[in-house]
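Below: one structure, written as structure tokens.
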Amino acid sequence: MIYKKKIIELLAEHIPNAEPTLHFKNPFELLIAVILSAQCTDKQVNKTTEALFEKYKTPQDFAALSQEELAEKIKGCGLYRNKSLHIIKTCKIISERYGGRVPNDFLALQALPGVGRKTANVVLNLAFGKPTLPVDTHVYRVARRLGLSAGNTPRMVEKDLIDLIDVTERGVWHHRLIHFGRSVCTARNPKCAECVVQQYCQRLKKNAQTQIRRHD
DNA sequence: AACTCGGGGCA
DNA sequence: TGCCCAGAGTT
């Protein structure tokens, strides 16, 4: 598929540097930050974790907190009741079963409370340098609009993107597609006029005949 | 497949 | 002000 290569080329040229926006000093901090980042901005997460990691540094520190205590400290990130419970459970598992170290294995990570496919892949990539390609809602939306994947699940899109993107560049592409999805290829009212790959967009073609659908 | 969680971001 | 999320879990 030559057009896919062309899309990759154009996006790479248009968005040369795409770096992670979450702040972290070690795999554990990253894991907590990514759990907190669900349905929340990285800016808000950074603000929250900066204060949080000042006082609580290890899985053992978090495992000792009550849900109410932690919930109060992570309120700014939303979904605090779920997240605080997940984080405490996860920290207990990490300290009891993994000797206080974040596992670097996908299945072990995904089995942790509050950790799904996307979170596990972000941790593997950013903390352990593994060639995963995390698919969040932005990556999913962009990949489908551009016809980079015909899959209708994040997992299928992930597989197609992994086949398409070089091992050493998957982390970069995760952030590049997120950046593109937030700034240009937005869920609502995308800025198609300033899109460098609009000629390849399946959504624009479809919209000529059908009604606009947000995520397609 | 649909629903819940929730403060922040944005029209 | 109201609507929608830089997901994951439960039913």
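The CG-C1' distance, from A/Leu31 to C/dA6, rounds to 16 Å in whole Å. Atom NZ in A/Lys83 sits about 8 Å away from atom C1' in C/dG7, given to the nearest Å. Following rounding to the nearest Å, A/Glu72 (CD) and B/dG7 (P) show an atom-to-atom distance of 11 Å. Here C/dA6 presents its C1' atom at 6 Å from CD1 of A/Ile178, a figure rounded to the nearest Å. In this entry the distance linking CD1 of A/Ile35 with P of C/dA8 reads 9 Å, nearest Å. A straight line from CG of A/Leu36 to C1' of B/dG7 spans 13 Å, rounded to a whole angstrom. Here B/dG9 presents its C1' atom at 15 Å from CG of A/Asn189, a figure rounded to the nearest Å. Look at CG on A/Asn82: it is 13 Å from P on B/dT4, rounded to the nearest Å.
Residue contacts for A/Lys75: at a heavy-atom cut-off of 4.0 Å it reaches the sugar-phosphate backbone alone, with no base atom in range. As judged by a 4.0 angstrom heavy-atom cut-off over every strand, A/Val115 is placed among residues touching the sugar-phosphate backbone only. Using a 4.0 Å heavy-atom cutoff across all strands shown, A/Asp42 reaches at least one base atom of the nucleic acid. Backbone-only contact: A/Leu112 has heavy atoms under 4.0 Å from sugar-phosphate atoms and none from a base.
Ring centroid separation for the pair A/Phe24 and A/Phe53 does not come in under the 6.0 Å cut-off.
Between A/Glu158 and A/Arg117, at least one side-chain nitrogen of the basic residue sits less than 4.0 Å from a carboxylate oxygen of the acidic one, meeting the salt-bridge criterion.
You'll find that the side chain of A/Arg188 is closest to C/dC4, out of C/dC4, B/dG6, C/dA6. For A/His138, the side-chain atoms get nearest to C/dA6 when compared with the rest of C/dA8, B/dC5, C/dA6. Taking the side chain of A/Thr119 as heavy atoms from C-beta on, and the options B/dG6, C/dA6, C/dA8, the nearest nucleotide is C/dA8. Taking every side-chain heavy atom of A/Thr41 into account, B/dG9 is the closest of C/dC5, B/dG9, C/dG7. You'll find that the side chain of A/Ala187 is closest to C/dC5, out of C/dC5, B/dG6, C/dA8. Closest approach to the A/Leu79 side chain among C/dA6, B/dC5, C/dA8 is made by B/dC5 (side chain taken as heavy atoms from C-beta onward). Here the nucleotide nearest the side chain of A/Arg182, chosen from C/dC5, C/dA6, C/dG9, is C/dA6.
At C/dC5, none of the side-chain N or O atoms of A/Thr137 fall inside 4.0 Å of OP1 or OP2 (strictly under the cut-off). The side chain of A/Gln39 places an N or O atom within less than 4.0 Å of a non-bridging phosphate oxygen (OP1 or OP2) of C/dG7. For B/dG6, the OP1/OP2 oxygens have a side-chain nitrogen or oxygen of A/Arg81 closer than 4.0 Å.
The side chain to side chain contact (heavy atoms under 4.5 Å, CB included) with A/Val122 is formed by just one residue from the set A/Leu124, A/Asn125, A/Leu126; it is A/Leu126.
Residues satisfying the side chain to side chain donor-acceptor pair (under 3.5 Å) criterion with A/Lys55, sequence neighbours excluded, are absent altogether. Under the salt bridge (charged side-chain N to carboxylate O under 4.0 Å, His left out) criterion, A/Lys159 pairs with A/Asp163, sequence neighbours left out.
C/dC3 and B/dT4 have their P atoms separated by 16 Å, with the value rounded to a whole Å. Look at the P atom in both B/dA11 and C/dA6: the space between them is 13 Å, to the nearest Å. Atom P of B/dA2 sits at a distance of 16 Å from the matching atom of C/dC4, rounded to the whole Å.
Within a 6.0 Å sphere centred on NZ of A/Lys57, heavy atoms belonging to other residues, nucleotides or ligands number more than 12.
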